[in-house]
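Have a look at the structure below before the remarks.
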2 protein chains.
Amino acid sequence: MTTRIQKRNRKRILDAALEVFAAQGFRGATLDQIAAEAGLSKPNLLYYFDSKEAIHRLLMEDLLASWLEPLRAIEPAGDPRAEIMGYMRRKLQMSREFPRESRLFANEILQGAPRLEDFIARDLKALVDDRAALIARWSAEGRLAAVDPYHLIFSIWALTQHYADFDAQIRLIREGSDPLEGAEPFLERLFERLLAP
Amino acid sequence: MTTRIQKRNRKRILDAALEVFAAQGFRGATLDQIAAEAGLSKPNLLYYFDSKEAIHRLLMEDLLASWLEPLRAIEPAGDPRAEIMGYMRRKLQMSREFPRESRLFANEILQGAPRLEDFIARDLKALVDDRAALIARWSAEGRLAAVDPYHLIFSIWALTQHYADFDAQIRLIREGSDPLEGAEPFLERLFERLLAP
DNA sequence: GTCTATATACAGATAGAC
DNA sequence: GTCTATCTGTATATAGAC
């Protein structure tokens, strides 16, 4: 059975691991760092999880489950521009709420996506292909500007995730003020202008 | 004196190190990987450079010297939209020609920019502030749409660097075809529409 | 469940032969 | 200049006391 203490400690460890893996990547992260961040000893940490890899794998599974949702939520029956703007807003909200998850993902891709190949080539690709086809239909019907649907999706990823992934840089340039301040109106305007037929 | 063999080996090492640091980050990279990639033994590698950190530092210095140039090349006397489109094109060209340098930079920022704090807070910030002021003037004169100049600069970074930094993901989604195929016309159109007064 | 102590592997770096 | 051998520190993981 699982006690309340066990649940709390597992959560603490995963939270600390997310912090460290997101900043250092899998190889760069150490159990010492994670244990210190979680406020536990290293052997105690390995009492809750079998290995460093087991912790990372669990974090990745949690991440991937949530990663597809915003794109999946685009409704074929909805208004084209409203649907795409809604997608952009959800992605921006994720950068605001889950910046560490975004950096964890970015780190994996930067490393050549060794642990994500299957997910991307299968699940993500299938969903992107489907949504790209939908966007192409909308464009053909004249309800949307005729833009390359793949680059449109990439541009939403790039522009929204940038605020989480390059947070350190933006903070140093805009000393003090919230990195996301003004981002939403800027992106609203950018995509409104891009998508107008 | 420096022989031809020394020059060639130093270049090989730096090239291999760029590859490995860009993919694994500083902590994640190992001298074994770099030595293998360079086709040299590990002690031989340390005959040419004092330490792992010395190699990384040299790579960073080379990178930073070239990192400011495109933004600096924006001409206050030029045509506003042409200058900004030119900046975007130069940045996209850098993602095409120097994707590893882009990933090296991304890795540093993801790690919280510990080795880049001074560069960003001083050199980069000063240049960005200057160019942001220029863009704000252009907007005030009605020669450019009234967009937030900082977010405009961030959007150019995000959209162009994404093709280098997330190359692995894009390749898996667009199996086979060049990740940058179609990127330039897409971005031209996006920024033309965004910047029209 | 949590600790100290430790086994084992691998990392960065050096010594010294050639 | 380049190698083999090795020193030293640190990493993951385990053993076993409490």
Side-chain angles (χ1 to χ4, degrees), chain A residues 1-62 104 107-108 110-112 114-115, chain B residues 1-62 104 107-108 110-112 114-115:
Chain A
M1 73 159 206
T2 311
T3 68
R4 277 185 302 280
I5 286 188
Q6 279 178 323
K7 273 182 102 169
R8 195 202 55 182
N9 278 349
R10 283 178 65 91
K11 196 161 163 35
R12 272 195 195 173
I13 293 167
L14 288 173
D15 193 66
L18 175 57
E19 192 80 29
V20 177
F21 282 133
Q24 307 281 356
F26 180 75
R27 282 187 51 82
T30 72
L31 291 182
D32 278 305
Q33 291 174 295
I34 298 172
E37 182 84 22
L40 297 170
S41 70
K42 192 162 52 166
N44 199 7
L45 190 146
L46 287 163
Y47 166 80
Y48 286 98
F49 293 93
D50 285 345
S51 65
K52 177 183 177 180
E53 216 193 299
I55 302 175
H56 189 267
R57 191 165 37 238
L58 192 55
L59 282 177
M60 292 306 296
E61 284 165 13
D62 289 353
L104 180 65
N107 236 310
E108 288 293 311
L110 268 178
Q111 286 163 33
R115 284 168 286 262
Chain B
M1 74 156 209
T2 311
T3 68
R4 276 185 303 281
I5 286 189
Q6 279 178 323
K7 272 181 102 168
R8 196 203 54 186
N9 278 349
R10 284 178 64 91
K11 197 162 161 36
R12 272 195 195 173
I13 292 167
L14 288 173
D15 192 66
L18 175 58
E19 192 81 28
V20 177
F21 282 132
Q24 307 280 356
F26 180 76
R27 282 185 51 84
T30 71
L31 292 181
D32 279 305
Q33 290 174 296
I34 297 172
E37 182 85 21
L40 297 171
S41 70
K42 193 162 52 165
N44 199 8
L45 190 145
L46 287 164
Y47 166 79
Y48 287 98
F49 293 92
D50 285 344
S51 64
K52 177 183 178 180
E53 216 193 300
I55 302 175
H56 189 266
R57 190 164 39 236
L58 193 54
L59 283 176
M60 293 305 296
E61 282 165 14
D62 290 352
L104 180 65
N107 236 310
E108 288 293 311
L110 268 178
Q111 286 163 34
R115 283 168 287 262

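Computed from heavy atoms alone, side chains included, the values below leave out hydrogens, waters and symmetry copies. Letters A, B, ... are given to chains in the order of the sequence lines, protein chains preceding strands, and every chain is numbered from 1.
As rounded to whole Å, 12 Å separates atom C1' of C/dG1 from atom CZ of A/R8. Separating the CG atom of A/N44 from the C1' atom of D/dT14 is a distance of 14 Å, rounded to the nearest angstrom. If you take CD1 of A/I5 and C1' of C/dT2, they are 11 Å apart, rounded to a whole angstrom. In this structure, B/K7 atom NZ and D/dG1 atom C1' are separated by 18 Å, rounded to whole Å. In this entry the distance linking CZ of B/F49 with P of D/dT2 reads 13 Å, nearest Å. B/D50 has its CG atom 15 Å from the P atom of C/dG12, to the nearest Å. The distance from atom CG of A/L45 to atom C1' of C/dC3 is 14 Å, rounded to the nearest whole Å. In this structure, A/D32 places its CG atom 14 Å from P of C/dC3, rounding to the nearest Å.
Residue B/T3 places at least one side-chain N or O closer than 4.0 Å to OP1 or OP2 of D/dG1. Distances shown here put a side-chain N or O of B/S41 below 4.0 Å from the OP1 or OP2 atom of D/dC3. Within the 4.0 Å cut-off from OP1 or OP2 of D/dT2, at least one side-chain nitrogen or oxygen of B/Y48 is found.
With C/dT14, C/dC3, C/dG1 as the candidates, the nucleotide lying closest to the side chain of B/L46 is C/dT14. Proximity note for A/P43 (side chain, C-beta onward) versus C/dC3, D/dT2, C/dA15: the nearest is C/dC3. Considering only side-chain atoms of A/S51, the nucleotide from D/dA13, D/dG1, C/dT14 that sits closest is D/dA13. Closest to the A/T30 side chain, of the nucleotides D/dT12, C/dT14, D/dT14, is D/dT12. Counting only heavy atoms from C-beta on, B/K52 has its side chain closest to C/dG12 among C/dA5, D/dG1, C/dG12.
Comparing A/R27 and A/K42, the nucleotide of DNA chain C nearest to each residue sits closer to the 5' end for A/K42.
Contacts of B/A54 with the nucleic acid, taken as non-hydrogen atoms under 4.0 Å apart, are absent. A/A35 comes within contact range of no nucleotide atom at all, as no heavy-atom separation falls under 4.0 Å. Here A/L31 lies in heavy-atom contact (under 4.0 Å) with sugar-phosphate atoms only.
Listed here is the closest heavy atom pair of A/F21 and A/N107: O-ND2, 3.6 Å. Residues A/R12 and A/A38 approach most closely at CD-O, 3.8 Å, considering heavy atoms.
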field: Steps toward side chain to side chain contact (heavy atoms under 4.5 Å, CB included) verdict (B/M60, B/R115)
entry: CA-CA 9 Å; B/M60 293 305 296; B/R115 283 168 287 262; 5.6 Å; no
field: A/L58 vs A/F49, side chain to side chain contact (heavy atoms under 4.5 Å, CB included): CA-CA, chis, key distance, verdict
entry: CA-CA 10 Å; A/L58 192 55; A/F49 293 93; 3.7 Å; yes
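By the 6.0 Å contact criterion, CG on A/D15 is enclosed, its count of non-hydrogen atoms from other residues, nucleotides or ligands being greater than 12.
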